[in-house]
Amino acid sequence: MHKKHNFGAGPCILPSSVMEKAAQAVINWDGMGLSILEVSHRSPEFEDVVLKTQLLVRELLSVPDHYSVLFLQGGASIQFAMVPMNFLNGTKKASYLDTGYFAQKAIKEAKLFGEVEIVATSKDKDYAYIPGQFNVDAQSAYLHCTSNNTIEGTEIFDFAGHGVPLVCDMSSDIFSRKININDFDLIYAGAQKNMGPAGMTLVIAKNSFLDQAKKEIPSMMDYRLFRDNMSMYNTPPVFSIYVAMLNLLWLKDQGGVNGIEKQNIEKAKLLYKEIDRNPLFYGTANVTSRSRMNVTFLAINKEVEHAFLTFAADKGIVGIRGYRTVGGFRASLYNALPLSSVEILVGAMIDFEKIYIDKTVLELE
Ligand SMILES: *Cc1c(COP(=O)(O)O)cnc(C)c1O
């Protein structure tokens, strides 16, 4: 059904079968004679959707019982403020790992609520790597990290314990690979990268951690209120949750997170191999920190960059322009992007190289 090969970073590609089911539910949901857009969020049918989606999250990520699964709004961006508002209290400081653009945004918000310690940064190399060794103050309220740096194209593969609660922004790689939930005290993720359409934010949090949160905070910023009201303290993003449920059912059919991880490794390997081989392109992230979800690379010069963007667009390849502050290319390989789309992109890089080299040879003659 998809006409284009969508490498966009977010909102991202979703499986066409999910789109079709979602479209049908907009017209007439499960033959009820109502659209999913107009049902009460308090109806038993929708409560069932919330429950099923929570169970799918638990099953796919093996979430232990002493963790809560919440569906919030405000995107991952409101989590940048909500986390420190809840957990950064007067006497303690919070520790942050600075791995790029979104980590910086999280740091900026946290500073509004208390003392922030940057435990390590890779700013010196334009965030091309994930810092390895660093110390965290044992008195810190939590350590915050960004598991996948969507703009810089780096990913954390080791969540070694640092002796303080670990909070992780997993917006752009959740459900893409196996993780051990026990490594984390709180995970958050905007849905629109790998879970569903924009509008919903997933939070997975250890209950004992939530119980330590400050009491005097606005209701909409209080995790416990959402936990105690099945994520329905107010009207939830009904459609986003519904489509996320469809997408997680699709993921389950793919062999779950283990199954999709194998595909994601294969897709990333194929593209990085071509970037490393093709003399017209080069990767920007250090090899050991390379993200499997967002592959960032540059052309040897601006002329090649512009020419390749046009060349690729002619082949139905969209969404590969790098982030506006970074330039170059970024190909996002989220779960629903098939291997065949990566093969088309790699094919385009090979064809483009031939044409470009021929043209350069002609110009030299
Ligand atoms: C996209 C993204 C965000 C911002 O998410 P919103 O839902 O737009 O607020 C935050 N962190 C990471 C890692 C992201 O990729």
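For ligands, and for the atoms within them, numbers begin at 1 and follow the listed sequence.
Crowding of Lys21 atom NZ: a count of heavy atoms from other residues, nucleotides or ligands under 6.0 Å not exceeding 12.
Both Leu309 and Ile300 are members of a single hydrophobic cluster when ILVMFWY side chains are connected at heavy-atom separations under 4.5 Å. By the criterion of side-chain heavy atoms lying less than 4.5 angstrom apart, applied directly or through intervening Ile, Leu, Val, Met, Phe, Trp or Tyr residues, Leu298 is not grouped with Leu333; the two fall into different hydrophobic clusters.
Of the possible polar contacts, one joining the Asp185 side chain to the Leu166 backbone as a donor-acceptor pair under 3.5 Å is found. For Ser172 (side chain) and Asn148 (main-chain N/O), a donor-acceptor pair under 3.5 Å exists by modelled atom type.
A salt bridge does not link Lys354 with Asp358: none of the charged nitrogens is closer than 4.0 Å to a carboxylate oxygen.
Protein heavy atom closest to atom 4 (C) of ligand 1, with residue, atom name and distance, is Phe102 CE2, 3.7 Å. Ranking the protein heavy atoms by distance from atom 14 (C) of ligand 1 puts Lys193 NZ, 3.0 Å first. Protein heavy atom at the shortest distance from atom 9 (O) of ligand 1 is Ser77 OG, 2.6 Å. Scanning all protein heavy atoms for the shortest distance to atom 11 (N) of ligand 1 gives Asp169 OD2, 2.6 Å.
Any N or O atom pair closer than 3.5 Å counts here, and Ala76 shares at least one such pair with ligand 1. At a 3.5 angstrom cut-off on N or O pairs, Asn148 does not count as close to ligand 1. Every N/O-N/O distance between Thr146 and ligand 1 stays at or above 3.5 Å.
With atom 15 (O) of ligand 1 as the reference point, the heavy atom nearest to it among Asn194, Thr150, Ile151 is part of Thr150.
Residues Gln104 and Tyr96 have side chains that never bring a donor and an acceptor to within less than 3.5 angstrom of each other.
Counting the atoms of ligand 1 from 1 in the order shown, those under 4.0 Å from a heavy atom of Gly75 are 7 (O), 9 (O). Those atoms of ligand 1 with a heavy atom of Ser171 less than 4.0 angstrom away are 10 (C), 11 (N), 12 (C), 13 (C), 14 (C), 15 (O). Atoms of ligand 1 found under 4.0 Å from any heavy atom of Gln192 (numbered from 1 in listed order, with element): 5 (O), 6 (P), 7 (O), 8 (O).
Neither the backbone nor the side chain of Tyr101 comes within contact range of ligand 1; no heavy atom lies under 4.0 Å. Neither the backbone nor the side chain of Lys105 comes within 4.0 Å of ligand 1, counting heavy atoms alone.
Nearest approach of Leu70 to Arg227, heavy atoms of both residues: CD2-CA, 3.5 Å.
Within the 4.5 Å cutoff, the side chain of Tyr323 has no heavy atoms near those of the Glu152 side chain.
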